[in-house]
Amino acid sequence: MPIAKKIQDFIERASWIRRMFEEGRQMKIKYGEENVFDFSLGNPFLEPPPEFTEALVQVAQDTTPRRHVYMPNAGFPETRKAIAEYVSQEQGIEIPPDKVIMTCGAAGALNIIFKTLLNPGEEVILLAPYFAEYFFYVDNCGGKPILVPTASDFSIDVKKLESSITSNTRAVLINSPNNPTGKVYSESNLRELVELLWRKSRKYGKPIFLVSDEPYKKIIYDGVRVPAIFPLYKNSLIATSYSKSLSLAGERIGYIAAHPEIEGVDEIMDGFILCIRILGFVNAPALMQRVITKVTGLACNADEYKKKRDLLCEGLAQCGYQFHKPEGAFYLFPKSLIDDDIQFVKELQQERILTVPGSGFGTPGYFRISYCVADETITRAMDGFKKVAERYL
Ligand SMILES: Cc1ncc(COP(=O)(O)O)c(C=O)c1O
């Protein structure tokens, strides 16, 4: 075998997502792009606001010499300062600029965090359903992913978590608003979680870190609030990006913010700065850092996604599908109408509707619909959703 066995296994593991993507491409060639209802990818639909484009043009026109050479690995001082001010306001506690590291998206942030924290074989708890790439990130950094299911409403099941935390647990990874469920964890749910983490940290005589992956934080609906993590737990880290909130997924810009009192803060920050190099990122894209310095708190209008959520939820409810109405992000995670979610997704595919089976998120019996699509795609897909539902309801 020309490639590592592990990577070959991982390719197999992720193959049906790839297959879905490939089959979708073939279907679009066969039926025409507009006749395939592609809900498979979480690729942002909205355009970045004009303020972003203006900042980008300004930055691009600056011809100061040596603008494109190596730069500090952690990011430009002025960018870290702007982000630190923003996060201080968001979290309600003072975050100094040296507790911020600019990264290549949230994925880059998570990889740097795990590379820095994990000794070989140490465990990271993932709450299922979970973003499939988490598994690879943890493994890539020598860790062992441990899956713990969430409650039936997709909130954190703290009791289940209790029995999964061991002396070998290094971190718990949470994601709210959540991909794939759209769940936003309530403050009381998070308080229960951190109470458990304190208790277990004391028991094992070492901190259990809370890593909060927050790329969807600005995409929230119906006045829901995403509780700030830092005031709740000092051993916490935020990983986030502008990929979803500003539709900049291709530009790879995000950051890590560390709680200023996290245990071992200086070593952790030094670790991040080394690991951004080890992982080959070296630094986050310079151009985007300069742009983000000018538009730190800017976001696309989440109301546009809310309209799509409502259109989809109303349509599917009428067909008889069951789901928890998402409070944020741009995904819906309904129950599959048959036990075999992979088969169910195939049946939708016959109606030219592309979705992803829940098995890909560690939760069989469901499927994910990403509603980053035109309103028309949602309305035109309803006949297909209905036709499949009528077979089973
Ligand atoms: C939950 C979650 N975390 C992280 C990422 C990676 O985001 P980025 O593009 O900023 O690396 C994604 C992307 O889809 C995601 O859904």
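First listed ligand is number 1; within each ligand, the first listed atom is number 1.
Between Tyr255 and Tyr242, the ring planes lie tilted relative to each other; the angle falls in the 30° to 60° range. Aromatic ring pairs are classed by plane angle as parallel below 30°, tilted from 30° to 60° and perpendicular above 60°; the pair Tyr134 and Tyr130 is parallel. Between Tyr221 and Tyr371, the ring-plane angle classifies as tilted under the 30° and 60° cut-offs.
Using a 4.0 Å cut-off to heavy atoms of Arg252, the atoms of ligand 1 that qualify are 8 (P), 9 (O), 11 (O). Residue contact check: Asn175 has heavy atoms under 4.0 Å from atoms 1 (C) of ligand 1. Heavy-atom proximity to Ala107, at under 4.0 Å, picks out these atoms of ligand 1: 6 (C), 8 (P), 11 (O). Residue Gly105 approaches ligand 1 through these ligand atoms, each under 4.0 Å from one of its heavy atoms: 10 (O), 11 (O). Residue contact check: Ser241 has heavy atoms under 4.0 Å from atoms 10 (O) of ligand 1. Interface of Asp213 with ligand 1, defined as ligand atoms under 4.0 Å from a residue heavy atom, comprises 1 (C), 2 (C), 3 (N), 4 (C). Each of the atoms 4 (C), 7 (O), 8 (P), 10 (O), 11 (O) of ligand 1 lies under 4.0 Å from some heavy atom of Ala106.
Of the listed residues (Lys307, Lys308, Lys306), just one forms a salt bridge (Lys or Arg N to Asp or Glu O under 4.0 Å) with Asp310, and that residue is Lys306. Just one residue in the list Lys30, Arg380, Lys28 forms a side-chain hydrogen bond (donor to acceptor under 3.5 Å, both in side chains) with Asn35, and that residue is Arg380.
Taking the six-membered ring for Trp and the full ring otherwise, Tyr305 and Phe330 have centroids separated by under 6.0 Å.
Looking at Glu351 and Arg391, a side-chain N of the basic residue comes within less than 4.0 Å of a carboxylate O on the acidic one, giving a salt bridge. Electrostatic pairing of Lys6 and Asp139 counts as a salt bridge here, judged by a charged N lying under 4.0 Å from a carboxylate O.
Nearest-heavy-atom check against atom 12 (C) of ligand 1 across Tyr130, Tyr134, Phe131 picks out Phe131. Nearest to atom 15 (C) of ligand 1 by heavy-atom distance, out of Tyr216, Phe330, Tyr331, is Tyr216.
Of all the heavy atoms of Glu133, none lies under 4.0 Å from any atom of ligand 1, so neither backbone nor side chain is involved. Contacts with ligand 1 closer than 4.0 Å are made by side-chain heavy atoms of Ser243 only, the backbone lying farther away. Counting heavy atoms closer than 4.0 Å to ligand 1, residue Tyr137 contributes nothing at all.
At a cut-off of 3.5 Å, with distance as the only test, no side-chain donor of Thr166 or Asn168 sits close to an acceptor on the other residue.
Remark: ligand 1 and Lys244 share an N or O pair separated by less than 3.5 Å (distance only, no angle test). Of the N or O atoms in Gly108, none lie within a sub-3.5 Å distance of an N or O in ligand 1.
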